[in-house]
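Below you'll find the structure, written out as structure tokens, and then a few comments.
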Amino acid sequence: FCDVNFWGNNEYNDGFSYGNWGGHNLLVKLNQRNHEVQQYHFDTVRFWVEEFDIDGIRLDAADVLDFGFMQNLRRFTDGLKPEFWLMGEVIHGDYSRWANPQTLHSVTNYELHKGLWSGHNDHNYFDRDHIRHIAILVYTLWGIPSIYYGSEFGIEGKKEWGSDWPLRPCLELEDYPDAVNTNPVTSVYAALGKLKAEEPALTYGKPQELILTTERYVFARVLDGRALLTVLNNADAPARLEMNLPVPADTVEDLLEDCAGSQPVHARIEDGRLIVELPGNYGTVLGLGG
């Protein structure tokens, strides 16, 4: 423990006090530079890999963790399992201090999350229909998608004073039978995950903004003659969008048309221009070229 004081006490009457996180003695501040403390955590990770074959871990409150500890953890997990994933929760700051080849693979981007949330809710979009819009942006903007468990089923957490249990309810998969084919939220998350895995442009493609207004947004990810277009209409009324082609193409494909709850999107190419007709409060991903 850090800051041990044998002349102090705490609410548990331990007979001594110690450092903690955020004033909560249940969350002990450990000396992460201590070799035994580091080894204990490394052995814990090894257990989860050997017993359950996990592929990575999320480090809570990584912005208060010791950088030496995180670097040693990276070296340990690199040797434990190829491509083991380390993700850190960081509120703000220079993200590259945490996300780099020596420390963590990725960190949370709450600034982006706040921008996506405010960008929709400032227009009074409070219903679940807009989960689709935000999911599409998370998977198609540059960066690595990170989905907190339950989001893919549209589960709503509730923030209550004194307890995080309502915010992070238990998830029982048997409560969501055939969700990929019947739940519009689950279906679009599954389709976006498949696209992210199969379309290199969503990871390596150069961003190209095509349309931006207060209610409509279109951008492309372009790579090797292939373009994936994120097309969003945040207005209540249908929208007709017309734009230049980001890559040469003769046809256009709606890559999310088979998702549960998807609506018809009319997209065509005329005289070298792309014309898209979208329903109100709707978005999708279009494929061009390649």
Side-chain angles (χ1 to χ4, degrees), residues 1-3 19-22 24 26-117 134-135 137-152 157 164 167-168 171 189 192-193 195-197 199-207 221 223:
F1 289 14
C2 288
D3 306 322
N20 60 41
W21 181 87
H24 303 284
L26 281 175
L27 301 175
V28 178
K29 182 179 180 181
L30 299 176
N31 181 3
Q32 300 156 45
R33 297 184 179 181
N34 179 279
H35 174 74
E36 287 77 12
V37 169
Q38 291 195 14
Q39 195 59 50
Y40 175 85
H41 284 87
F42 299 167
D43 289 343
T44 301
V45 175
R46 187 197 311 276
F47 166 81
W48 282 94
V49 170
E50 292 178 350
E51 292 294 323
F52 302 101
D53 195 29
I54 66 169
D55 295 316
I57 58 174
R58 174 187 181 272
L59 299 175
D60 197 47
D63 49 359
V64 298
L65 293 180
D66 179 73
F67 281 93
F69 168 77
M70 289 185 285
Q71 290 163 359
N72 287 342
L73 176 63
R74 174 66 176 268
R75 284 192 288 269
F76 170 76
T77 54
D78 280 350
L80 180 66
K81 183 177 183 180
E83 299 185 0
F84 191 85
W85 183 254
L86 294 177
M87 177 180 175
E89 182 197 30
V90 175
I91 305 301
H92 53 71
D94 181 2
Y95 294 138
S96 64
R97 294 181 63 206
W98 291 272
N100 57 65
Q102 289 75 44
T103 313
L104 308 179
H105 296 88
S106 184
V107 294
T108 56
N109 189 337
Y110 287 118
E111 295 179 43
L112 173 61
H113 173 270
K114 179 63 169 63
L116 295 179
W117 175 262
I134 295 175
L137 285 169
V138 167
Y139 273 89
T140 58
L141 287 169
W142 39 101
I144 301 168
S146 174
I147 308 303
Y148 194 84
Y149 85 94
S151 300
E152 72 276 27
D164 278 345
L167 183 63
R168 301 158 181 166
L171 175 61
Y189 269 112
L192 288 167
L195 283 180
K196 182 71 174 178
E199 293 279 358
L202 287 185
T203 299
Y204 306 106
K206 181 179 179 180
R221 301 293 302 276
L223 180 70

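Predicted, not measured: the structure shown is a model, and the values here were computed from it.
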To the nearest 0.5 Å, tell me how far Arg221 CZ sits from Leu202 CG. 6.5 Å
Should the heavy atoms of other residues, nucleotides or ligands under 6.0 Å from NZ of Lys196 be counted, would the total exceed 12? yes
Using side-chain heavy atoms (C-beta onward) and a distance below 4.5 Å, is Ile147 in contact with Tyr139? yes
Are there more than 12 heavy atoms of other residues, nucleotides or ligands under 6.0 Å from atom CD of Glu83? no
Should we say atom OH of Tyr204 is surrounded by more than 12 heavy atoms from elsewhere, each under 6.0 Å from it? no
Tell me, do Met87 and Ile144 make a side-chain contact under 4.5 Å, heavy atoms counted? no
Can you find a heavy atom in the side chain of Thr44 that is under 4.5 Å from one in the side chain of Tyr40? yes
Ser151 and Tyr189 have their tightest heavy-atom pair at O-CE1, 3.4 Å
From Ile54 atom CD1 to Phe84 atom CZ, the distance as rounded to the nearest 0.5 Å: 4.0 Å
Side-chain donor-acceptor pairs under 3.5 Å in residues 65-75, sequence neighbours left out?
from: Asp66; atom 1: OD1; to: Arg33; atom 2: NE; distance (Å): 2.9
from: Asp66; atom 1: OD1; to: Arg33; atom 2: NH2; distance (Å): 3.3
from: Asp66; atom 1: OD2; to: Gly68; atom 2: N; distance (Å): 3.0
from: Asp66; atom 1: OD2; to: Phe69; atom 2: N; distance (Å): 2.9
from: Asn72; atom 1: OD1; to: Arg75; atom 2: NH2; distance (Å): 2.1
from: Asn72; atom 1: ND2; to: Gln38; atom 2: OE1; distance (Å): 3.0
from: Asn72; atom 1: ND2; to: Gly68; atom 2: O; distance (Å): 3.4
from: Arg74; atom 1: NE; to: Asp78; atom 2: OD1; distance (Å): 3.4
from: Arg74; atom 1: NE; to: Asp78; atom 2: OD2; distance (Å): 3.3
from: Arg74; atom 1: NH1; to: Asn100; atom 2: O; distance (Å): 3.2
from: Arg74; atom 1: NH1; to: Thr103; atom 2: O; distance (Å): 3.1
from: Arg74; atom 1: NH2; to: Pro101; atom 2: O; distance (Å): 3.4
from: Arg74; atom 1: NH2; to: His105; atom 2: NE2; distance (Å): 3.4

Asp60 side chain near Trp21 side chain, heavy-atom distance below 4.5 Å: no
Indicate the atoms forming the closest heavy-atom contact of Ala62 with Gly88, along with that distance. CB-CA, 3.7 Å
Check whether Thr203 reaches the backbone of Glu199 with its side chain - one donor and one acceptor, N or O, closer than 3.5 Å. no
Just by modelled atom types, is the Ala61 backbone N or O under 3.5 Å from a matching donor or acceptor in the Glu89 side chain? yes
Evaluate Val90 against Arg97 for side chain to side chain contact (heavy atoms under 4.5 Å, CB included), listing each step before the verdict. CA-CA 10 Å; Val90 175; Arg97 294 181 63 206; over 6 Å; no
Is any side-chain heavy atom of Val37 closer than 4.5 Å to a side-chain heavy atom of His41? yes
Can you tell me how far apart CG (Leu192) and OG1 (Thr140) are? Round to the nearest 0.5 Å. 7.5 Å
Interatomic distance, CG@Asn31 vs CZ@Phe1, rounded to 0.5 Å, equals 11.5 Å
Going from NE2 on His92 to OG1 on Thr108, what distance comes out if it is rounded to the nearest 0.5 angstrom? 11.0 Å
Supply the atom-to-atom distance Phe76 CZ to Leu86 CG, rounded to the nearest 0.5 angstrom. 10.5 Å
